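Read the structure below first, then the notes.
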Amino acid sequence: MKKYLYHGFLHKYKNVYIFIGILILAGFFMGIFLSRYIDSSDIHSLSSYLTTVNQYEDTYTAFVSQFFTGILFILLVFFLGTSIIGIPFIAFIIFTKGLQIGFSCALFLASYQLKGIVGIIMTLAPQVLLDLLSTCLIAASAIQLSMYLIYSTSNRDRLNFKMLTNSILNDLCICFIIVFLAAYVKSTLVVELIKLFNLI
């Protein structure tokens with residue numbers, strides 16, 4: 001019974017992923033709603049970024065910057081999970097991720113109209129998919145860790161903390177690998193896709 005409880009409560013992230021998905025969708029639609037307040041300076045900023053990307057920054061510098069930013073984000077979410085009050089903060093971070101995606105999509109459409117759909121697919125989607133993959137995994141692990149702390153403080157039966165630690169560390173390692181791949185994609189492939197998008 002304990003073994004079933006452990007695997008059902010901690011290792012199966014299904015319900016947590018549903019929770020995360022709802023937050024991302026809510027943030028996405030909120031970003032679409034807030035896009036009504038996009039002004040000309042936002043549109044000009046996006047256009048300027050896409051036309052001058054990688055003009056003054058080399059690939060290695062961009063890769064290192066993206067990699068360490070991603071690692072810091074993963075560690076931030078993870079450490080929030082070490083607190084019994086971490087879940088609301090993690091939920092807010094996930095919501096803002098969806099908000100950024102929704103606003104970015106709307107900004108592409110406002111800047112380029114129908115061409116913006118191509119821009120979303122070519123330049124935004126490759127970044128978002130990898131970011132969401134690592135974000136959802138570390139968020140699910142952190143939420144489960146926080147739930148474990150709440151459970152262990154309110155129940156006499158202790159779950160296998162060593163097993164939990166191994167699971168969380170495995171998730172962290174996978175997230176680091178995804179962040180590494182995402183940084184590489186952003187600093188190489190996405191840059192080339194942006195250049196290609198500018199030629200359309």
Side-chain angles (χ1 to χ4, degrees), residues 13 16-28 30-31 42 45-46 48-50 52-83 85-108 119-146 164-197:
Y13 292 163
V16 181
Y17 284 137
I18 293 173
F19 173 66
I20 291 172
I22 292 172
L23 288 174
I24 291 174
L25 284 176
F28 176 82
M30 179 61 72
D42 294 322
S45 296
L46 176 63
S48 298
Y49 169 74
L50 292 178
T52 60
V53 66
N54 208 38
Q55 191 171 2
Y56 304 105
E57 189 174 33
D58 62 273
T59 301
Y60 177 75
T61 302
F63 168 78
V64 171
S65 175
Q66 293 284 350
F67 179 70
F68 280 103
T69 300
I71 291 296
L72 288 175
F73 175 78
I74 293 298
L75 291 176
L76 170 64
V77 176
F78 169 73
F79 283 119
L80 285 173
T82 61
S83 168
I85 59 171
I87 295 177
F89 294 102
I90 297 171
F92 177 75
I93 291 174
I94 297 300
F95 177 81
T96 56
K97 276 285 183 182
L99 185 71
Q100 292 170 7
I101 296 170
F103 190 81
S104 297
C105 289
L107 190 55
F108 263 98
I120 292 170
I121 296 172
M122 288 181 61
T123 66
L124 189 61
Q127 305 178 64
V128 167
L129 291 176
L130 287 171
D131 280 343
L132 283 182
L133 192 59
S134 60
T135 299
C136 289
L137 178 58
I138 194 60
S141 296
I143 289 173
Q144 291 287 52
L145 177 58
S146 186
L164 171 69
T165 302
N166 290 335
S167 175
I168 297 297
L169 290 177
N170 287 336
D171 291 342
L172 269 176
C173 290
I174 294 172
C175 286
F176 289 160
I177 293 172
I178 296 173
V179 167
F180 179 87
L181 293 174
Y184 180 78
V185 168
K186 289 177 184 178
S187 60
T188 55
L189 177 62
V190 171
V191 172
E192 296 303 319
L193 289 174
I194 290 175
K195 292 178 181 178
L196 180 61
F197 173 72

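The structure presented is a predicted model; accordingly, all values stated were derived computationally and were not measured. Numbering of residues begins at 1 and proceeds along the displayed sequence. FYI, side chains are in, hydrogens and waters are out, and symmetry mates aren't considered; it's all heavy atoms of this structure.
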key: Derivation of the side-chain contact (heavy atoms from CB on, under 4.5 Å) call for Thr135 and Ile94   = CA-CA 8 Å; Thr135 299; Ile94 297 300; 3.4 Å; yes
Is any side-chain heavy atom of [Y] closer than 4.5 Å to one of [X]?
| X | Y | result |
| --- | --- | --- |
| Cys136 | Ile24 | yes |
| Ile101 | Leu132 | yes |
| Ile74 | Phe176 | yes |
| Phe180 | Ile71 | no |
| Ser141 | Phe78 | no |
| Tyr17 | Leu137 | yes |

Is atom [atom1] of [X] surrounded by more than 12 heavy atoms (other residues, nucleotides or ligands) closer than 6.0 Å?
| X | atom1 | answer |
| --- | --- | --- |
| Tyr184 | OH | no |
| Phe73 | CZ | yes |
| Phe63 | CZ | yes |
| Ile85 | CD1 | no |

What distance do [X] atom [atom1] and [Y] atom [atom2] have between them, rounded to the nearest 0.5 Å?
| X | Y | atom1 | atom2 | answer |
| --- | --- | --- | --- | --- |
| Leu23 | Leu99 | CG | CG | 12.0 Å |
| Ile22 | Leu25 | CD1 | CG | 8.0 Å |
| Ile177 | Leu133 | CD1 | CG | 11.5 Å |
| Ile138 | Leu80 | CD1 | CG | 10.5 Å |
| Ile90 | Phe79 | CD1 | CZ | 12.5 Å |

Of the non-hydrogen atoms in [X] and [Y], which two are nearest, and what is the gap between them?
| X | Y | answer |
| --- | --- | --- |
| Ile120 | Cys105 | CD1-O, 3.6 Å |
| Val185 | Pro126 | CG1-CB, 4.5 Å |
| Ser146 | Ser83 | OG-O, 2.7 Å |
| Met122 | Leu193 | O-CD1, 3.0 Å |
| Ala182 | Leu130 | CA-CD1, 3.6 Å |
| Val16 | Ala140 | CG1-CA, 3.6 Å |

query = Where do Met30 and Phe95 land on the side-chain contact (heavy atoms from CB on, under 4.5 Å) test, with the steps shown first?
reply = CA-CA 9 Å; Met30 179 61 72; Phe95 177 81; 4.0 Å; yes
Check whether any side-chain N or O of [X] sits under 3.5 Å from a backbone N or O of [Y] as a donor-acceptor pair, and report yes or no.
| X | Y | answer |
| --- | --- | --- |
| Glu192 | Thr188 | no |
| Ser65 | Ala62 | no |
| Thr96 | Phe92 | yes |

message = Using the ring centroid of each side chain, check whether Phe67 and Tyr60 are separated by less than 6.0 Å.
response =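 Here the rings of Tyr60 and Phe67 have centres that are no less than 6.0 Å from each other.
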inquiry  = Just to verify, which of Lys195, Gln127, Gln66 counts as forming a side chain to side chain contact (heavy atoms under 4.5 Å, CB included) with Val190?
reply    =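 The single option meeting the side chain to side chain contact (heavy atoms under 4.5 Å, CB included) with Val190 is Gln127.
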